[in-house]
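Below is one structure, written out as structure tokens; the observations come after it.
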Amino acid sequence: MHLRPFISRRFSTVKQTDSPSNLNSYIRELVQKGRLFEALQCYSREPSSASRLAFPAVLKACASLLSLGTGRAVHATVFAMGFQFDPYIAASLVNMYVKCGSIRDAEQVFDNIPKSGALSQDVTLWNAMIDGYFKNGFRGECLAQFRQMQALGINPDGYTLSILLGVSSRFSTAKEIHGYAIRSSFEGDPFIVTALVDMYANCGRAVYAWRLFESQECKNKNNVVIWNAMMNGFCKTGFWSRSLELYSLIRGRNQRIMPSMYCIALTACCDGEDFEMGRQVHTDIVKTGVDYDQYVHTSLLTMYAKCGSVGDAEKVFNDVVVKGIETWNAMVSAYVGNGWVKESFIIYNQMKAKPVSPDSFTISNILTSCGIGGFHDFGTSIHAELIKRPVQTKLEVQSALMTMYLRCCKVEDAIKVFNRMEEKDVVAWGSMMSGFYQNKKYKESVGLYKQMLNSEVKPDSNMLSIAINATSVGIESIELGSSFFGVAIKHGLESDAFVGSSLMDLFSKSGQPEMAKTIFFGISNKNLVVWNSLISCYSRNSHPDASVRVLPQIVQYGLIPDAISVTNALVAVSSLAVLLKGKALHGYLIRYQIPVDNQVENSLIDMYIKSGCLKYAEHIFNSNNTSKRNSITWNSMISGYGSHGECFRAISLFNEMRRSRITPDDVTFLSLISACNHSGLVEEGLELFQLMREYRVEPQTDHYVNIVDMLGRTGRLDEAHRFIQKMPVEPDPSLWLCLLSACRVHRNFELGELAAQNLLKIEAGRGGNYVQVLNLYVEGGMREKAADLRAEMKQKGLKKTGGCSWIEVKDRTEIFFSGDSSSHRTVEVYQTLHSLISVMKMEEKGDYHESC
């Protein structure tokens, strides 16, 4: 925009000056008072009379008004008068071009300055250029400029470092700049310390930020801005409880608390869903009288909403006298975030009736609400309203429209919106890919990613992660996954945490833990998601010991394991039933005060049950609030009682579960029927099987197998056979195998032979089945059939795979294989076994207690 004609129209008179010096002084005075248009009008009357001292003020006015055209005209005058090498004017020109968004013009001014003169040594000029790169998102150029500055022997000042610390997102670069700050004696500067703390937080290294904060002297420790930065740093890295501890400390020191600090504390309460602490912060806000601040009451509203107290959020909203767009948006977001779809529509209609016009954020939220509730018609009506409004052309609104249609399973409508977009950014492509992925159209999601690679849009880490996850879940092609690894390397994303964890998951599911490990070591800033992926990888690929060893490495890296870390490790330990390692993991939870959710508690219960510690599992179960127990919690404990022979306690807990209004599922009934099976409670087991229909639970193969096994154990073989015949589904091989085993025990060879024929007819390629049938023939005296079966087994090369078992003794796990006598404790084991058999025989005869 060129301001000269506009200025002439707007101002008809200005103060007349009788000399050029007075004119220049007056221009500077007008700029200082913020009367920028008048200053430019004064300059435009006599540009040739402007002195060297006036040009920085004029250029500042151009920058503030974002008038690039006028700025270029002033630049031409500066050049004609030979002032382009003046340090203040050159720095002002760079600043003007930067603020007007023309970084290339700023570069041209800077590059034309001789690098050997005094002007090139002016740190202000270099700061202007570095700041310009930073504000326009050119991080690489920003760091390159700093290194060039060092190479020319120009000493950066505190402002230079403050800019660079905002640029650094790589830990290695951050440490390099921190080292320079220490060498240059800037570490005591409160502004530098604040920027350093913020930088380490951005790199995900809260421990380093805390060490720096702790090392400060009393003078800096009293600086509320540094406290603010440290609180914010803890919040950014997920340590919300530490952030609140700092808030409590500074509140106890009776220091002035900034409004932004209240906002950070409320954000921490949101992240930790600490409702009580949020109320306390609210009380402090009212006492100090800062509840008038727009950002503070918006943060309050958001805190209550995220803690699930929508009623309190509504009170905060109603107490605000003058509601700006941010307040309305926060209330809409509160309803949407808590699934109050209809209420979000009501507040949206109220907002439209006010002078406040909904913006793109409002529209995006309402469309999200339509998607959550499946209100396709309402979403379509909003789409119709948007067609005549400029907001419809905004990319975030178009992306929200696509997401709404995709969530309502209207994929074709979403494709239409996508195809009509004149400009597609990364968010638009990502929204469409994510929508395909959520609708289980994995091939389409990957195909869209390949299509985007051919466009001019550079993929980001989120899009590549979606493509890799689609390959992992839906396509299961390791070749395609490997090609995506190549794409990640090509675009420099292989070290990204999200891409890396997705690749690790892909190779982990493909049975390639070493490849996943290689990717892990290539990730630069390893967050908890990456570490948790490694734990899960080891657990999934039968390396439970390695899975457990990762936890202390997380602590050494400067992070604290979370609930997912411990849960994944507990799954690995449960598969081995290694009690000592399980207790160590439980210790991690207590030592690091990791919040325990249902998933962690369920994993702990499962681990203790499988390790034989029923009392520990009971303690965790009973310490859990009844209202917080989900079906998995109840099922785990019921299954635990059943596997430890406590059938009546399992049934009693099942009745308690029903009284708590938790609906039993197929796992619940399987655990109960299995418990009845092993305890010989046939009638109770049959009654539970019939009860499944009352809860509309469809029996699965395992339910049928347990009923057949239960009937077979008690000799009710004919009833078991009739049960199989009346099944509404085709009998599974395991059912006939179960009946066959029962027939062998009760020596019903006729029915056993029938079961054997059905078994071999369905599953003829398994060696274990042939062994069971062979044993039946031998025990029933059917020698010819046994001989024929042996010959058939030999011809097919079938043999039974040996089983194994293990036991934990102190800190060592002993493994024993069926038929194998290679263990160094074989003799000791068999001596103990023979001793136990002798005691059992004596007890059976009634002689044991008498001899004792």
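Position 1 is the first residue of the sequence, and the numbers go up from there.
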Check against side chain to side chain contact (heavy atoms under 4.5 Å, CB included), F485 and L506: CA-CA 10 Å; F485 187 23; L506 172 69; over 6 Å; no
Under 3.5 Å: donor-acceptor pair, side chain of S547, backbone of A569: no
Minimum side-chain heavy-atom gap E601-T633 below 4.5 Å: no
Check against ring-ring contact (aromatic ring centres under 6.0 Å, His included), Y616 and H586: CA-CA 11 Å; Y616 285 9; H586 197 171; 8.1 Å; no
Exam field: side chain S679 to backbone A675, donor-acceptor pair closer than 3.5 Å: yes
Non-hydrogen atoms of V487 and L464 that approach each other most closely: CG1-CD1, 4.3 Å
Mutual orientation of the aromatic rings belonging to Y695 and F669 [parallel < 30°, tilted 30-60°, perpendicular > 60°]: tilted
Within the 6.0 Å centroid threshold, strictly below: Y641 and F621: no
I523 side, atom CD1; S501 side, atom OG - distance, nearest 0.5 Å: 6.5 Å
Worked check of side chain to side chain contact (heavy atoms under 4.5 Å, CB included) between H721 and L754: CA-CA 10 Å; H721 184 221; L754 176 64; 3.6 Å; yes
Q438 and S434 side chains, donor-acceptor separation under 3.5 Å: yes
Short side-chain to backbone donor-acceptor contact, H703 and Q700, under 3.5 Å: yes
S472 side-chain N/O to I468 backbone N/O, donor-acceptor pair under 3.5 Å: no
Heavy atoms from other residues, nucleotides or ligands near NZ of K441 exceed 12 (cutoff 6.0 Å): no
Sub-4.5 Å side-chain heavy-atom contact between F507 and E514: no
Heavy-atom side-chain contact between V667 and L670 under 4.5 Å: no
Donor-acceptor under 3.5 Å (E750 side chain, N748 main chain): no
Beyond-backbone contact of K785 with V773, side-chain heavy atoms, under 4.5 angstrom: no
Basic-acidic side-chain contact under 4.0 Å: D718, R722: no
Donor-acceptor contact present, side-chain S835 to main-chain Q831, <3.5 Å: no
Side chain S623, main chain H619, donor-acceptor under 3.5 Å: yes
More than 12 heavy atoms from other groups under 6.0 Å of CG on L585: yes
Side-chain heavy atoms of M782 within contact of L789, under 4.5 Å: no
Exceeds 12 heavy-atom contacts within 6.0 angstrom, atom CD of E784: no
Test log, rule salt bridge (charged side-chain N to carboxylate O under 4.0 Å, His left out), inputs K761 and E730: CA-CA 13 Å; K761 183 179 178 182; E730 194 69 27; over 6 Å; no
Y442 ring center within less than 6.0 Å of F436 ring center: no
Closest approach of C676 to L688 (non-hydrogen atoms, all atoms of both residues): SG-CD1, 3.8 Å
Enclosure of E687 CD (heavy-atom neighbours >12, cutoff 6.0 Å): no
Interatomic distance, I605 atom CD1 to E618 atom CD [nearest 0.5 angstrom]: 10.5 Å
Sub-4.5 Å side-chain heavy-atom contact between S639 and I609: no
Modelled atom types, side-chain donor and acceptor of D665 and N635, under 3.5 Å: yes
For the student: nearest non-hydrogen atoms of V530 and M504, plus distance: O-CE, 3.8 Å
From OG (S734) to CG (L740), nearest 0.5 Å: 12.5 Å
Contact summary for A650 and L672, nearest pair of heavy atoms: O-CD2, 3.7 Å
Side chain to side chain, T668 and S631, heavy atoms closer than 4.5 Å: no
Whether Y704 and F723 hold their rings parallel, tilted or perpendicular, with breakpoints at 30° and 60°: tilted
Derivation of the side chain to side chain contact (heavy atoms under 4.5 Å, CB included) call for V839 and L836: CA-CA 5 Å; V839 170; L836 287 171; 5.6 Å; no
Side chain to side chain, L717 and H746, heavy atoms closer than 4.5 Å: yes
Check: M433 main-chain N/O paired with S445 side-chain donor or acceptor under 3.5 Å: yes
Interatomic distance, D702 atom CG to I707 atom CD1 [nearest 0.5 angstrom]: 12.0 Å
E646 with K615: basic N within carboxylate O range, under 4.0 Å: no
Side chain D666, main chain V697, donor-acceptor under 3.5 Å: no
Value rounded to 0.5 Å, distance of CG in L735 from CD1 in I724: 5.5 Å
Nearest atoms (heavy-atom pairs only) where M710 meets L681: SD-O, 3.9 Å
Residue pair Y437, V473: steps toward the side chain to side chain contact (heavy atoms under 4.5 Å, CB included) verdict: CA-CA 10 Å; Y437 181 83; V473 176; 3.6 Å; yes
Euclidean distance, T471 OG1 relative to L480 CG, rounded to 0.5 Å: 4.0 Å
Short side-chain to backbone donor-acceptor contact, D709 and V705, under 3.5 Å: no
Aromatic centroids of F520 and W531 separated by under 6.0 Å: yes
Neighbour count >12 (heavy atoms, 6.0 Å) for atom CD, Q599: no
Nearest atoms (heavy-atom pairs only) where G612 meets H644: CA-NE2, 3.7 Å
Test applied, side-chain contact (heavy atoms from CB on, under 4.5 Å); reference residue, L711; option that passes from V682, L739, N677: V682
